[in-house]
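Keep in mind it's a predicted model, so treat the numbers as computed, not measured.
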Amino acid sequence: MRQLMWRFADRYDLQMLVQSARGVARGPVARLVADGGRNAHEWTARKNELLSHYDASGITAAFMEPEEGGFITGPKNLALALAAFELAWVDAGAATGALAGFLGLSPIHERGTPEQLRHYMSLAAPAKPGEDRAPWRAAFALTEPIPYVGVDTGMLSGKVSVAEWSPGAEPVLQVEKRGRFITNMGFANFVTAAVDTADPRIKSSCLVILEETDPGTFDRGTPTKKLVHQLSSTSDPIFSLRVPASRIVGGYTVKDGVIVPNFDHSQVIEAVFRRTRVTVGVMTSAKLLSAVEPVIRYQRGRFRGAEQAAPGSVRYELGIQQREDALHRLVDVWAAGEAGASLGFATARLFDELDPLERKKDAALAAQGIGGMKATMKWMKALERSALELLELEAHPRGEKQEARIAELRGDELVRFALLDAQANVLCPATKLWNTGVGADFMREAVSLMGGYGITEDCPGFLGQKWMDAQLEATYEGPEAVQRRQLSVTMGNPLFLAQLKAWVRELRHLSGEHPGLGGCVIASAMDLWLWTYRHLERSTDADGVKLVQSPRQGVTFKLADALGWLVASRAQILDAVVLAEEGGAVLGEAHAGTARFFADLCHAQAARTAGEVGRICAELVHGYNRHPSWDAEGRAACWSASDADALEGIIPGLAGCSVDVLTEGAHPDKEGPCASCQGISDFRSLRVKVDGCLTGAMLAKDRAAEALSKVMIPEALDYPL
């Protein structure tokens, strides 16, 4: 069923990877956690054994191309997301440890020279049968200045200078770098480190590859005393090394006696984080979904053993689940986990489609001799115009479409790249922001459903530990503020906004074919978000200051949060549609009930999403108008009774909801002043429409809760408690 929903039913290689990763997670990883492996910060011999399990199961090789020792051809985004999901189901530290090696290799994979790529990938690949060698392990050192923990890509503490440069010889660089909270340092053989120039003979920042045998200091540092992710090796290393200039990731050229890196550190990191953030988001969703079964087991058995709960009684059989609240809250956790997983895997698949198109875009630029940021942006603008034309033509009513032109534009791979690129720029930070931020909140809810059991070390499913781990995932590879900042820039791209409008039409169409999924709710909420964005874009606050601009994070960050809810619900609905249309062949007689249950989860999640989006949009639309006072100026801004009556004709019932209306020139006592609604009647109409679209949402939640109380679960978890 998951293979269908997450679209890898036709990928045997991915199915095998999932089975292997699941075996490692629920075997060696689970046993290590159950035996107290998380109680030590140090990288122990037993933790180190996990590396060989990753190698033997194919997890390590999942990042490699077949010619490098891997077994998956083509883009690996979905593959890595699936492996991370399976490992994080039991312990996210184990998932992080596996993924950190890929993160260390990613700068070389994305921007390395052919020589660097060939050399380090072959070293990092697991040994083939008959080979007697240990694979090299990688780490990635970015970090902002010590002592703080986290990522700010614009604040580097490392420096690089020229140590030696003999005429006609390759320059030798001196690298000084102190890392903070660097994963895999307990065993890494090489590190890709971001450094800034400290020498006029080096033009810019760059990433440089440091090996443990390079001359100088390669100090792995003391283990970081983390509260979370103890199954990954994390420490604060110190590097003072001499390395050849050929270790600059992506290579360099020499112009007028100056070393010019082909990529500065921000260009490399942008390419790396753009993809790896998705897997971190998937990890938190795995936690939520893994929490469902332990909570069900706890709730049903809660009263067993008490004299008042006789076998066969409702209290004995259902325990806490005889009450609606417990079931409704677990439905919320399950629905949020489904939405996050759907969004994460949809984004991973998007990058799988985007990667080859991006290489074709790069080739087209090179073939046309276009280089530099300004020239590239001008070229992209022309491409975006074609993509916007395609979206406009596709929106025409049936029978009025220019089919030939649409077919021409659809067949243009570069137009396709522009469309997907605009989506990826939004969905990547949205996945990281929503899955980890909202996911951590729902993880707290899951722990609370276990009562006091949830915060004990023997809580089944390690839920208390997963709750703490979720907070770190909200920080890895850029905390929430970084994701909101990126979203606030990319969500205003006209090409993305045009696609969002197309998604509204798509969801309304699906609502006709698959009613009860909540598609209409999300379509109306998207309309409300779009209207709010456009309104705020041209509005000012009460002091005349523009609302949508970079420093107004109180506006743009809230819009980013609302957008995260919307794209997560959309992804969940699309997965439920696939299950409804294609699940029959897999589920047989169980198909109808299963599809109905997942549809109800969608509907419940869509209602929650609409509520969050409506709240945020209302706060922004109304919140920046100064509240009037009881004076002449304030009264002038209030409705009159005649205004309210006029609006009643547009929005029936509106006048009856208002109590702050001037009648005969005065306010009623103690009712307070009211703000004018001039110019936002469309907003009120859209909000009323969203509220109306909630019709049936609680009935769907009731059905999901009823079904949840009957879900069959095994007697015990399939991994140690």
Side-chain angles (χ1 to χ4, degrees), residues 391 395 426 430 487-488 491-492 494 496-512 515-541 547-548 554-570 573 602-625 639 643-658 660 674-698:
L391 293 174
V426 169
L487 267 173
S488 67
M491 68 188 181
F496 172 73
L497 293 175
Q499 291 184 87
L500 191 61
K501 290 177 68 175
W503 291 351
V504 172
R505 294 192 298 274
E506 168 199 50
L507 288 169
R508 295 204 185 284
H509 175 71
L510 286 175
S511 294
L517 289 174
C520 191
V521 184
I522 298 304
S524 297
M526 282 182 174
D527 269 338
L528 185 72
W529 187 94
L530 277 165
W531 188 96
T532 302
Y533 182 85
R534 293 300 190 197
H535 171 76
L536 297 173
E537 199 177 31
R538 58 178 183 271
S539 300
T540 61
D541 64 14
L547 286 173
V548 176
V555 177
T556 55
F557 281 20
K558 279 180 173 290
L559 285 169
D561 285 338
L563 186 58
W565 282 90
L566 289 170
V567 296
S569 265
R570 172 181 176 266
I573 289 168
C602 276
H603 205 166
Q605 182 65 25
R608 182 70 176 264
T609 295
E612 292 291 336
V613 172
R615 175 185 62 79
I616 291 171
C617 290
E619 286 179 358
L620 293 175
V621 169
H622 293 291
Y624 285 97
N625 297 322
W639 288 0
D643 290 334
D645 290 341
L647 287 171
E648 177 74 14
I650 301 172
I651 308 173
L654 180 63
C657 297
S658 175
D660 293 340
C674 59
S676 170
C677 298
Q678 186 176 6
I680 59 169
S681 57
D682 288 345
F683 177 77
R684 287 179 175 270
S685 299
L686 290 170
R687 278 223 67 182
V688 171
K689 186 173 184 180
V690 170
D691 290 349
C693 286
L694 297 179
T695 303
M698 289 306 296

Inset, instruction - Specify the closest pair of heavy atoms between Val613 and Ala525, including all atoms of both residues, with the distance to one decimal. - result: CG1-O, 3.8 Å

Inset, instruction - Return the minimal non-hydrogen interatomic distance between Leu507 and Ile573, and the atom names on each side. - result: CD2-CG2, 4.2 Å

Legend entry - Reported CG-to-CH2 distance for the pair Leu563 and Trp529, which is rounded to 0.5 angstrom: 5.0 Å

Inset, instruction - Heavy atoms only: give me the nearest His603-Gly518 pair and the separation to one decimal. - result: CD2-CA, 3.8 Å

Legend entry - Rounded distance [0.5 Å steps], CG in Leu620 versus CG in Leu547: 8.5 Å

Legend entry - Point-to-point distance, once rounded to the nearest 0.5 Å, from CZ of Arg570 to CH2 of Trp503: 4.5 Å

Inset, instruction - Would you please classify the geometry between the Phe683 ring and the Trp531 ring as parallel, tilted or perpendicular, with 30° and 60° separating the classes? - result: tilted

Inset, instruction - Could you tell me the separation between the CD atom of Glu506 and the OG atom of Ser511, rounded to the nearest 0.5 Å? - result: 10.0 Å

Inset, instruction - Check Leu497 against Met491 and note the closest heavy-atom contact, atom names and distance. - result: CD2-O, 3.2 Å

Inset, instruction - Mind checking side chain to side chain donor-acceptor pair (under 3.5 Å) for Asp541 and listing every partner two or more places apart, or none if nothing turns up? - result: Arg552

Legend entry - pair Leu559-Leu536: side-chain heavy atoms closer than 4.5 Å: yes

Legend entry - Side-chain heavy-atom pair Val521, Thr609 within 4.5 angstrom cut-off: no

Inset, instruction - Kindly say whether Arg534 contributes a backbone atom to a donor-acceptor pair with the side chain of Arg538 at under 3.5 angstrom? - result: yes

Legend entry - Any Leu517 side-chain heavy atom under 4.5 Å of Leu510 side chain: no

Legend entry - Heavy-atom pair of closest approach, residues Val690 and Ala610: CG1-CB, 3.8 Å

Inset, instruction - Decide yes or no for Arg505 and His509: does some side-chain heavy atom of the first lie under 4.5 Å from some side-chain heavy atom of the second? - result: no

Inset, instruction - Could you tell me whether Asp527 and Arg508 have a side-chain N and a carboxylate O separated by less than 4.0 Å? - result: yes

Inset, instruction - Mind checking the CG-OG spacing from Asp691 to Ser524? Nearest 0.5 Å is all I need. - result: 10.0 Å

Legend entry - Side chain proximity check, Leu566 to Ile522, heavy atoms < 4.5 angstrom: yes

